[in-house]
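Report on the following structure.
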Amino acid sequence: MNPELKNNLSNSHYWFRALYVFIFVFTSEVAAMLLLFVAIGQIVFTLISGEPNRRLTAFGSSLAAYLFAIFNFVCCKTESKPFPFADWPEADTNDNVTVIKDAQ
């Protein structure tokens with residue numbers, strides 16, 4: 001057997017990383033379902049009030065940043081583990097919310 005392969009297979013760092021990847025993939029599925037509920041909530045708020053709910057917008061933004069952090073870790077772009085091993089991502093403070101109005 002190739003010594004490098006043998007070394008890689010016996011390295012606990014890779015096995016723990018694989019375990020974290022599976023945990024974060026599961027977590028991303030739960031977060032994606034939560035994002036779906038946020039989207040449905042925004043649709044309802046927009047239909048009722050005519051504009052999106054700012055709190056849901058901020059939460060959706062931070063949830064999207066969390067999913068992005070998970071994807072970066074899972075795809076080996078970074079070694080930094082996302083929440084709960086790091087702080088929860090801040091919401092994008094860009095206040096530009098585009099409301100789609102029906103053109104008549």
Side-chain angles (χ1 to χ4, degrees):
M1 183 187 299
N2 184 344
E4 186 176 339
L5 175 62
K6 185 176 181 180
N7 185 34
N8 288 343
L9 288 174
S10 63
N11 189 338
S12 64
H13 170 75
Y14 295 119
W15 292 107
F16 277 113
R17 183 165 182 36
L19 177 65
Y20 285 126
V21 164
F22 284 116
I23 290 169
F24 281 121
V25 165
F26 175 75
T27 304
S28 71
E29 293 296 323
V30 173
M33 285 300 296
L34 188 56
L35 191 60
L36 175 65
F37 291 129
V38 169
I40 291 169
Q42 285 292 40
I43 291 169
V44 170
F45 274 106
T46 304
L47 288 173
I48 293 171
S49 69
E51 63 183 33
N53 180 291
R54 295 209 181 270
R55 288 185 178 159
L56 275 179
T57 300
F59 177 68
S61 175
S62 67
L63 188 59
Y66 178 59
L67 284 166
F68 186 67
I70 288 177
F71 298 150
N72 281 337
F73 178 76
V74 167
C75 294
C76 297
K77 183 177 179 186
T78 182
E79 287 293 316
S80 300
K81 294 178 203 72
F83 180 83
F85 300 96
D87 291 337
W88 183 261
E90 294 288 324
D92 183 10
T93 57
N94 184 358
D95 229 10
N96 296 333
V97 176
T98 303
V99 178
I100 300 172
K101 299 278 185 180
D102 188 21
Q104 292 182 1

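For the single chain, residues carry numbers from 1 onward in sequence order.
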Would you give me the side-chain donor-acceptor pairs under 3.5 Å for residues 19-28, sequence neighbours excluded?
residue : atom : partner : partner atom : Å
Thr27   : OG1  : Ile23   : O            : 2.8
Ser28   : OG   : Val25   : O            : 2.6

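The shortest heavy-atom contact between Ala58 and Ala91 is O-CB, 3.2 Å. Residues Arg17 and Thr78 come closest through the heavy atom pair NH2-O, 3.3 Å. Pro89 and Ala65 get closest at one heavy-atom pair: CB-CB, 3.6 Å. Closest of all the heavy-atom pairs between Ala31 and Leu67 is CB-CD2, 3.7 Å. Contact detail for Gly60 and Val38: the closest heavy-atom pair is CA-CG1, 4.2 Å.
A distance of 10.5 Å separates CG in Leu35 from CD1 in Ile40, rounded to the nearest 0.5 Å. In this structure, Glu79 CD and Phe73 CZ are separated by 6.5 Å, a value rounded to the nearest 0.5 Å. Ser61 contributes atom OG, which lies 12.0 Å from atom CG of Leu56 (distance to the nearest 0.5 angstrom).
A donor-acceptor pair under 3.5 Å is formed between the side chain of Ser10 and the backbone N or O of Asn7. Between the Trp15 side chain and the Leu9 main chain, a donor and an acceptor come within less than 3.5 Å of each other.
Residues near Phe68 contribute nothing to a hydrophobic cluster around it, because no ILVMFWY side-chain heavy atom sits closer than 4.5 Å to its side chain. In the hydrophobic clustering, where aliphatic and aromatic side chains (Ile, Leu, Val, Met, Phe, Trp, Tyr) are joined below 4.5 Å either directly or transitively, Val44 groups with Ile48.
Under the 30°/60° scheme for interplanar angles, the aromatic rings of Trp88 and Phe59 are found to lie parallel.
Dense packing is recorded around CZ of Phe85, with more than 12 heavy atoms of other residues, nucleotides or ligands lying under 6.0 Å away. In the displayed structure, Asp87 atom CG is contacted under 6.0 Å by at most 12 heavy atoms of other residues, nucleotides or ligands.
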Full working for side-chain contact (heavy atoms from CB on, under 4.5 Å) between Lys77 and Phe71: CA-CA 8 Å; Lys77 183 177 179 186; Phe71 298 150; over 6 Å; no
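Cluster membership for Phe16 and Ile70, using ILVMFWY side-chain heavy atoms within less than 4.5 angstrom, is shared.
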